[in-house]
Amino acid sequence: MKTQILMPETQRSQGAAAPVWTLSRRQARRLAATRHRRFLRVLEGELWVTPSAGARSASEDLWLRAGQRLELPAGVEFVAEGWRDSRFELLLAPGPVAAWSAQWLRPLLSRVHRALRGRGAPLAAG
């Protein structure tokens, strides 16, 4: 039986942007299951991605190159390995917009916009 060792990963935060993860060639990282759907987007290099054993469906090996993305369904753990030195980010999938927000937010913003314009105040901070 072959033992796989998961090596430590590097993470770099970019302010409000999604964290960027770095994997060296043959370095692996477990992507724990979450309650929310996510997307893995490869920024540089090439990743080998596979659902962990025990996933609801049969494991399928996937290779992703820079510019490609993969949807990670909620509740499924994945393992990503750098096929070459690679950088990637994990993005939360957008959630549904509540219907009530459109009912009150647009009219409110419209009133604020008219009020600011009437005062001669600038609409955008510089």
Side-chain angles (χ1 to χ4, degrees):
M1 180 175 180
K2 184 178 177 182
T3 303
Q4 180 180 8
I5 299 173
L6 297 180
M7 301 173 76
E9 74 288 335
T10 308
Q11 178 186 11
R12 178 174 44 99
S13 178
Q14 296 182 340
V20 174
W21 299 89
T22 301
L23 289 175
S24 300
R25 183 176 183 271
R26 304 188 84 164
Q27 182 181 15
R29 166 146 179 56
R30 182 176 73 87
L31 306 173
T34 64
R35 296 184 325 185
H36 305 286
R37 183 171 61 115
R38 298 172 293 169
F39 289 96
L40 181 152
R41 182 169 59 179
V42 180
L43 302 172
E44 181 181 313
E46 205 169 358
L47 289 180
W48 177 25
V49 182
T50 187
S52 293
R56 286 177 259 176
S57 59
S59 285
E60 179 182 353
D61 293 335
L62 302 164
W63 283 264
L64 300 172
R65 293 179 180 206
Q68 293 182 313
R69 73 178 191 169
L70 172 68
E71 181 180 340
L72 306 179
V76 180
E77 178 181 276
F78 284 81
V79 174
E81 181 176 329
W83 200 247
R84 299 186 317 197
D85 290 351
S86 303
R87 294 183 323 115
F88 68 95
E89 59 187 355
L90 290 173
L91 307 165
L92 286 177
V97 175
W100 58 265
S101 66
Q103 293 173 354
W104 67 268
L105 188 57
R106 281 196 183 118
L108 176 64
L109 290 175
S110 180
R111 278 183 261 155
V112 169
H113 179 74
R114 282 193 305 268
L116 289 174
R117 205 171 33 181
R119 290 180 163 173
L123 294 178

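The residues of the chain are indexed from 1 along the displayed sequence. What you see is a predicted model, and the numbers here were worked out from it, not measured in a lab.
Heavy-atom minimum distance, Thr50 versus Glu60: OG1-O, 3.5 Å. The heavy-atom pair separating Gln68 from Trp63 by the smallest distance is OE1-O, 3.9 Å. Shortest non-hydrogen contact noted between Gly75 and Ala33 is C-CB, 3.6 Å. Across Arg38 and Ala32, no two heavy atoms sit closer than the pair NH2-O, 2.9 Å. The shortest non-hydrogen separation linking Val42 to Arg65 is CB-O, 3.5 Å. Across Gly82 and Leu47, no two heavy atoms sit closer than the pair CA-CD2, 3.9 Å.
With Trp48 as reference, Asp61 is the one residue of Val79, Asp61, Leu64 to meet the side-chain contact (heavy atoms from CB on, under 4.5 Å) rule.
Residues Leu91 and Leu70 are members of separate hydrophobic clusters, defined by side-chain heavy-atom contacts under 4.5 angstrom among Ile, Leu, Val, Met, Phe, Trp and Tyr. Residues Leu72 and Leu62 are members of one and the same hydrophobic cluster, defined by side-chain heavy-atom contacts under 4.5 angstrom among Ile, Leu, Val, Met, Phe, Trp and Tyr.
Here the CD-CZ distance, from Glu89 to Arg41, works out to 4.0 Å after rounding to the nearest 0.5 Å. Residue Trp83 holds its CH2 atom at 8.0 Å from CZ of Arg26, rounded to the nearest 0.5 Å.
Taking Arg37 as the reference, Glu71 meet the salt bridge (Lys or Arg N to Asp or Glu O under 4.0 Å) condition, with sequence neighbours excluded.
Not a single donor-acceptor pair under 3.5 Å links the side chain of Asp85 to the backbone N or O of Ser24.
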Problem set entry | Intermediate values then yes/no, side-chain contact (heavy atoms from CB on, under 4.5 Å), Phe88 and Leu31 | CA-CA 12 Å; Phe88 68 95; Leu31 306 173; 4.3 Å; yes
